[in-house]
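Read through the structure below, which is laid out as structure tokens, and then see the notes.
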Amino acid sequence: MTTIDSACHPCPRRLSTICAATSMTPTNPVRDTGRLRKPRRAVVALTDENLQAVRTAIRDWQRPIPGKPGPRHNGDQADVVDLMLATGARIGELLALRWEDLDLAAERPSLTICGTLVFVKGQGFFRQPWTKRPDSNRRPLDPGTIY
């Protein structure tokens, strides 16, 4: 079995080591303890009906309501959600896209995910020039995504 990292549980491990060394206990039970494993969750994908329901809810939310105070809604949210669904990119990666990351003139248009939007306390949001994964991702775009 794997041993527990001493940084995680230093006191029980040391105490058990001392007890085993002074013959107070026959063995060190903490040394033989394994890590608890969480069962993997099943991946659940949206069905076509779920997808249409999400898109309809966003578009309904964006419709202005006469007399309702507050900022006017625009189409940005629906566009971002559509692009997330089409590319599988994370929200911060899409919000960090620049025009130079898009190649719309190619035979098969694509976008390159090569940065992400991050928040730093005291500084606010800024574009970080790398993603969660170190390699940049080129993702093809189908015509329905572009137009």
Side-chain angles (χ1 to χ4, degrees), residues 1-18 20 27-147:
M1 290 197 131
T2 58
T3 60
I4 294 178
D5 184 4
S6 62
C8 295
H9 299 287
C11 294
R13 183 175 181 162
R14 287 185 190 132
L15 181 61
S16 294
T17 301
I18 292 168
T27 62
N28 180 345
V30 177
R31 182 189 62 222
D32 300 327
T33 303
R35 294 183 71 187
L36 294 176
R37 302 278 182 202
K38 290 183 181 179
R40 290 205 176 259
R41 294 183 184 178
V43 176
V44 179
L46 290 175
T47 63
D48 287 340
E49 295 82 25
N50 296 138
L51 178 60
Q52 289 309 321
V54 167
R55 294 179 81 208
T56 300
I58 291 170
R59 293 213 180 345
D60 288 347
W61 177 81
Q62 289 179 160
R63 272 195 216 109
I65 299 171
K68 182 179 178 189
R72 289 196 169 97
H73 300 174
N74 57 29
D76 293 347
Q77 292 85 2
D79 295 339
V80 170
V81 170
D82 285 344
L83 198 52
M84 286 176 66
L85 293 169
T87 63
R90 296 176 179 91
I91 183 75
E93 294 169 343
L94 291 179
L95 295 176
L97 283 175
R98 304 164 297 181
W99 283 110
E100 62 213 48
D101 298 331
L102 291 168
D103 185 5
L104 300 176
E107 183 178 326
R108 178 100 195 251
S110 65
L111 62 89
T112 302
I113 306 292
C114 58
T116 188
L117 197 67
V118 294
F119 179 80
V120 176
K121 190 174 180 180
Q123 295 179 9
F125 287 98
F126 72 95
R127 185 182 189 279
Q128 175 179 282
W130 62 87
T131 61
K132 193 171 188 178
R133 294 182 57 204
D135 56 341
S136 95
N137 276 325
R138 189 171 224 37
R139 306 211 181 161
L141 299 173
D142 64 325
T145 304
I146 300 168
Y147 304 108

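Keep in mind it's a predicted model, so treat the numbers as computed, not measured.
Nearest heavy atom pair, residue Pro109 against residue Glu107, reads CD-O, 3.6 Å. Residues Thr116 and Trp130 approach most closely at CG2-O, 3.3 Å, considering heavy atoms.
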Donor-acceptor list for residues 49-58 side chains, cut-off 3.5 Å, not counting sequence neighbours:
| unit_1 | atom_1 | unit_2 | atom_2 | d |
| --- | --- | --- | --- | --- |
| Glu49 | OE1 | Thr47 | OG1 | 3.4 |
| Asn50 | OD1 | Thr47 | N | 3.2 |
| Asn50 | OD1 | Thr47 | OG1 | 2.8 |
| Arg55 | NE | Asp82 | OD1 | 2.7 |
| Arg55 | NH2 | Asp82 | OD1 | 3.2 |
| Arg55 | NH2 | Asp82 | OD2 | 3.1 |
| Thr56 | OG1 | Gln52 | O | 2.8 |

Verdict with supporting geometry, Met84 and Leu94, side chain to side chain contact (heavy atoms under 4.5 Å, CB included): CA-CA 7 Å; Met84 286 176 66; Leu94 291 179; 3.0 Å; yes

Worked verdict on Asp103 versus Thr112 for side chain to side chain contact (heavy atoms under 4.5 Å, CB included): CA-CA 8 Å; Asp103 185 5; Thr112 302; over 6 Å; no

Verdict with reasoning, Leu111 to Leu83, per side chain to side chain contact (heavy atoms under 4.5 Å, CB included): CA-CA 11 Å; Leu111 62 89; Leu83 198 52; 4.2 Å; yes

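Residue pairs meeting the ring pair (Phe, Tyr, Trp, His ring centres under 6.0 Å) criterion with at least one member in residues 99-124, sequence neighbours excluded: Phe119-Phe125.
Residues passing the salt bridge (Lys or Arg N to Asp or Glu O under 4.0 Å) test with Asp101, sequence neighbours excluded: Arg98, Arg127.
To the nearest 0.5 Å, atoms CZ (Arg90) and CD1 (Ile113) are separated by 10.0 Å.
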